[in-house]
Amino acid sequence: QVQLVESGGGSVQPGGSLRLSCAASGSIVSLNVMGWYRQAPGKERELVATITSGGSTNDADSVKGRFTISRDNAKNTVYLQMNSLKPEDTAVYYCNADAITNRGGYYRRSNYWGQGTQVTVSS
């Protein structure tokens, strides 16, 4: 019903920057809260940042001041600008969205995940 396609992941040296993008498509009536999560090897998936349709944001203490989440409602896209990257930021980053869809005449509200994109920060 909703597909989340991520891009922008890769490898970078400590102190570097990356910009992740996540574009939503499908039978979307509305996109509500969108966010980014990450999961490092051997660890649980954790919240990175979220943003409402109105632009209100929350982010984890570990990334505050370094990462910025934003969205373009016209493009159904959420972004994560990552600056001053540290080795401990290395993880698979996942896009997440709460959405209302209309498929076959049925309206449904569900939560969706992207496929995940690898971010590696190392020397």
Side-chain angles (χ1 to χ4, degrees):
Q1 295 177 334
V2 174
Q3 296 79 47
L4 302 177
V5 180
E6 300 164 327
S7 62
S11 297
V12 66
Q13 294 185 345
S17 297
L18 286 173
R19 180 179 171 88
L20 305 183
S21 298
C22 173
S25 62
S27 302
I28 301 170
V29 176
S30 65
L31 285 169
N32 302 314
V33 177
M34 303 183 75
W36 291 94
Y37 295 74
R38 67 186 182 185
Q39 187 167 22
K43 295 185 178 181
E44 295 294 314
R45 188 172 300 185
E46 65 176 359
L47 172 71
V48 176
T50 61
I51 184 168
T52 69
S53 60
S56 297
T57 62
N58 281 311
D59 49 41
D61 290 339
S62 60
V63 306
K64 194 178 295 291
R66 299 187 299 120
F67 292 8
T68 302
I69 189 170
S70 62
R71 65 191 288 169
D72 186 335
N73 291 331
K75 297 181 179 179
N76 286 341
T77 300
V78 63
Y79 306 93
L80 185 68
Q81 179 67 47
M82 303 184 293
N83 299 324
S84 301
L85 283 161
K86 304 175 181 179
E88 49 263 47
D89 294 319
T90 296
V92 177
Y93 284 69
Y94 297 90
C95 179
N96 179 269
D98 286 319
I100 298 174
T101 61
N102 183 2
R103 185 175 179 85
Y106 295 92
Y107 289 85
R108 297 182 180 182
R109 185 169 189 165
S110 300
N111 185 261
Y112 299 89
W113 291 95
Q115 79 283 358
T117 184
Q118 179 70 48
V119 172
T120 301
V121 185
S122 66
S123 300

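Residue indices begin at 1 and follow the sequence shown.
- Separating the CG atom in D59 from the OG1 atom in T50 is a distance of 8.0 Å, to the nearest 0.5 Å.
- Of the possible donor and acceptor atoms, one in the side chain of R71 sits under 3.5 Å from a partner among the backbone N and O of T52.
- Linking ILVMFWY residues whenever their side-chain heavy atoms come closer than 4.5 Å, directly or via other members, leaves W36 and V33 in distinct clusters.
- To the nearest 0.5 Å, atoms OG (S53) and CG (N73) are separated by 6.5 Å.
- Atom NZ of K64 has more than 12 heavy atoms from other residues, nucleotides or ligands within 6.0 Å.
- At most 12 non-hydrogen atoms from other residues, nucleotides or ligands lie less than 6.0 angstrom from CD of Q13.
- In this structure, T57 contributes its side chain and I51 its backbone to no donor-acceptor pair below 3.5 Å.
- Placement of L47 and W113 within a single hydrophobic cluster is found when ILVMFWY residues are connected by side-chain heavy-atom separations under 4.5 Å, directly or transitively.
- The two residues A40 and A91 make their nearest non-hydrogen contact at N-CB, 3.8 Å.
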Run the side-chain contact (heavy atoms from CB on, under 4.5 Å) check on V2 and T101 step by step: do they pass?
CA-CA 8 Å; V2 174; T101 61; 3.4 Å; yes
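- Note that the CD atom of Q115 and the SG atom of C22 stand 8.0 Å from one another [nearest 0.5 Å].
- Two different hydrophobic clusters hold I100 and L4 under the rule that ILVMFWY side chains link at heavy-atom gaps under 4.5 Å.
- A donor-acceptor pair under 3.5 Å is absent between the side-chain atoms of D98 and the main chain of R109, judged by distance alone.
- In this structure, Y37 is not a member of the same hydrophobic cluster as M34, with clusters built from ILVMFWY side-chain heavy atoms closer than 4.5 Å.
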Hey, mind stepping through Y79 and T77 against side-chain contact (heavy atoms from CB on, under 4.5 Å) and telling me if it holds?
CA-CA 7 Å; Y79 306 93; T77 300; 3.5 Å; yes
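- Annotation: side chain of P14 is in contact with side chain of S123 (closest heavy-atom distance under 4.5 Å).
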Under the side-chain contact (heavy atoms from CB on, under 4.5 Å) criterion, do M82 and D89 qualify, and how do the steps go?
CA-CA 10 Å; M82 303 184 293; D89 294 319; over 6 Å; no
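- Formation of a donor-acceptor pair under 3.5 Å by the E6 side chain with backbone atoms of G116 is found in this model.
- The distance from atom OG1 of T68 to atom CZ of R19, rounded to the nearest 0.5 Å, is 9.5 Å.
- Not one N or O on the side chain of N83 forms a donor-acceptor pair closer than 3.5 Å with the backbone of F67.
- The shortest heavy-atom contact between S110 and Q1 is OG-OE1, 4.4 Å.
- Taking every heavy atom of both residues into account, A99 and L31 meet most closely at CB-CD2, 3.7 Å.
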Test side-chain contact (heavy atoms from CB on, under 4.5 Å) on R38 and S62 and set out the steps.
CA-CA 12 Å; R38 67 186 182 185; S62 60; 3.5 Å; yes
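- Hydrophobic clustering of Ile, Leu, Val, Met, Phe, Trp and Tyr side chains at less than 4.5 Å, counting indirect connections, keeps Y94 apart from L18.
- Contact between C95 and V78 at its shortest, heavy atoms only, is SG-CG1, 3.7 Å.
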